[in-house]
Amino acid sequence: QHCSVSLPYIQQGNWDYVVLQEQSQLPSFPESQFMQESYPYAQELCSLIRQYNPDAKIVFYMTWGRKNGDPQNGQYYPPLNTYEGMDSLLHARYLIMAEDNDACVSPVGAVWHSIRDQYPDMELYQSDGSHPSYFGSYVAACSFYTSFTGRNPLDIQWNGTLDGPSAD
């Protein structure tokens with residue numbers, strides 16, 4: 001859908017960055033499904049972006065695994081039953097799409113993974129276990145800040161409503 005719906009926006013040109021994000025679960029689905037339902041459309045979008053925005057930087061938004069995996073789909077594809085399984089597939093698939101399309105990745109999911117490991121009390125998720133909390137959104141924004149500017153996110157002066165230690 002994005003290939004057709006986004007075309008007028010891509011064609012207007014003048015974009016510095018174009019961020020591509022797949023539906024949150026699909027890149028973690030079985031490889032054949034990913035290769036049929038996501039991969040070719042990522043290629044098509046990248047081609048269109050380059051055609052109309054030759055200087056734009058294409059950035060794939062690496063998403064994260066659900067807090068407790070995706071057991072609803074895990075019954076059909078067991079790696080999705082856990083956060084680790086789902087997250088590792090998302091990580092790999094976003095890297096594949098970026099590499100094969102000469103694009104970059106904002107590694108939000110990888111940053112979340114690191115925070116989950118190092119600071120397990122920091123709540124990245126809303127109560128649904130899928131969408132980001134305020135802190136999770138801040139982490140995503142910091143990842144994009146670094147992806148766009150190449151600067152250290154610790155240099156960001158604005159913390160929103162987070163306390164200093166949480167933002168750092």
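Index from 1, following the sequence.
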Checking [X] now: which residues fulfil side-chain hydrogen bond (donor to acceptor under 3.5 Å, both in side chains) with it, not counting sequence neighbours?
X      : result
Ser114 : Gln118
Gln21  : none
Arg50  : none
Asn14  : none

Open item on the list: Which residues pass the side-chain contact (heavy atoms from CB on, under 4.5 Å) test with Met35, not counting sequence neighbours?
Closed with: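 Counting only residues at least two positions away or on another chain, Met35 forms a side-chain contact (heavy atoms from CB on, under 4.5 Å) with Glu31, Tyr39.
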Open item on the list: The criterion is side-chain contact (heavy atoms from CB on, under 4.5 Å); which residues satisfy it with Asp16, sequence neighbours excluded?
Closed with: none
Would the distance check show the side chain of [X] and the main-chain N or O of [Y] forming a donor-acceptor pair, the cut-off being under 3.5 Å?
X      : Y      : value
Ser47  : Gln43  : no
Trp15  : Tyr9   : yes
Asn101 : Ala103 : no
Gln36  : Gln33  : no
Ser6   : Cys3   : no
Asn53  : Ile10  : yes
Tyr138 : Asn159 : no

Open item on the list: Listing request: all salt bridge (charged side-chain N to carboxylate O under 4.0 Å, His left out) pairs with a residue in residues 53-79, at least two apart in sequence or in separate chains.
Closed with: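 Applying salt bridge (charged side-chain N to carboxylate O under 4.0 Å, His left out) to every pair that reaches into residues 53-79, excluding sequence neighbours, yields Arg66-Asp70, Lys67-Glu123.
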When rounded to the nearest 0.5 angstrom, what is the spacing between [atom1] in [X] and [atom2] in [Y]?
X      : Y      : atom1 : atom2 : answer
Ser38  : Leu26  : OG    : CG    : 4.0 Å
Leu20  : Tyr61  : CG    : OH    : 13.0 Å
Leu45  : Leu7   : CG    : CG    : 9.5 Å
Met62  : Leu90  : CE    : CG    : 8.5 Å
Leu154 : Gln157 : CG    : CD    : 10.5 Å
His131 : Trp64  : NE2   : CH2   : 8.5 Å

Compile the donor-acceptor pairs under 3.5 Å between side chains in residues 139-149 and protein atoms, sequence neighbours left out, one pair per line.
from: Ser143; atom 1: OG; to: Ser106; atom 2: OG; distance (Å): 3.0
from: Thr146; atom 1: OG1; to: Cys142; atom 2: O; distance (Å): 3.2
from: Thr146; atom 1: OG1; to: Arg151; atom 2: O; distance (Å): 3.1
from: Ser147; atom 1: OG; to: Ser106; atom 2: OG; distance (Å): 3.3
from: Ser147; atom 1: OG; to: Ser143; atom 2: O; distance (Å): 3.0
from: Thr149; atom 1: OG1; to: Tyr145; atom 2: O; distance (Å): 2.7
from: Thr149; atom 1: OG1; to: Arg151; atom 2: N; distance (Å): 3.0

Would you mind writing out the side-chain donor-acceptor pairs for residues 92-99 within the sub-3.5 Å range, not counting sequence neighbours?
from: Arg93; atom 1: NH1; to: Pro27; atom 2: O; distance (Å): 2.6
from: Arg93; atom 1: NH1; to: Phe29; atom 2: O; distance (Å): 2.7
from: Tyr94; atom 1: OH; to: Glu22; atom 2: N; distance (Å): 3.1

Task: Same cluster (ILVMFWY, side-chain, under 4.5 Å), Val105 and Leu89 - done: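 As far as the 4.5 Å side-chain criterion goes, Leu89 and Val105 are connected within one cluster.
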- [ ] Identify, with sequence neighbours excluded, every residue that meets ring pair (Phe, Tyr, Trp, His ring centres under 6.0 Å) alongside Tyr83.
- [x] His113
Task: Results of ring pair (Phe, Tyr, Trp, His ring centres under 6.0 Å) for His91 - residues two or more places apart only - done: none
TODO: For Asp87, check salt bridge (Lys or Arg N to Asp or Glu O under 4.0 Å) against everything at least two apart and list the hits.
DONE: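 Here no residue qualifies.
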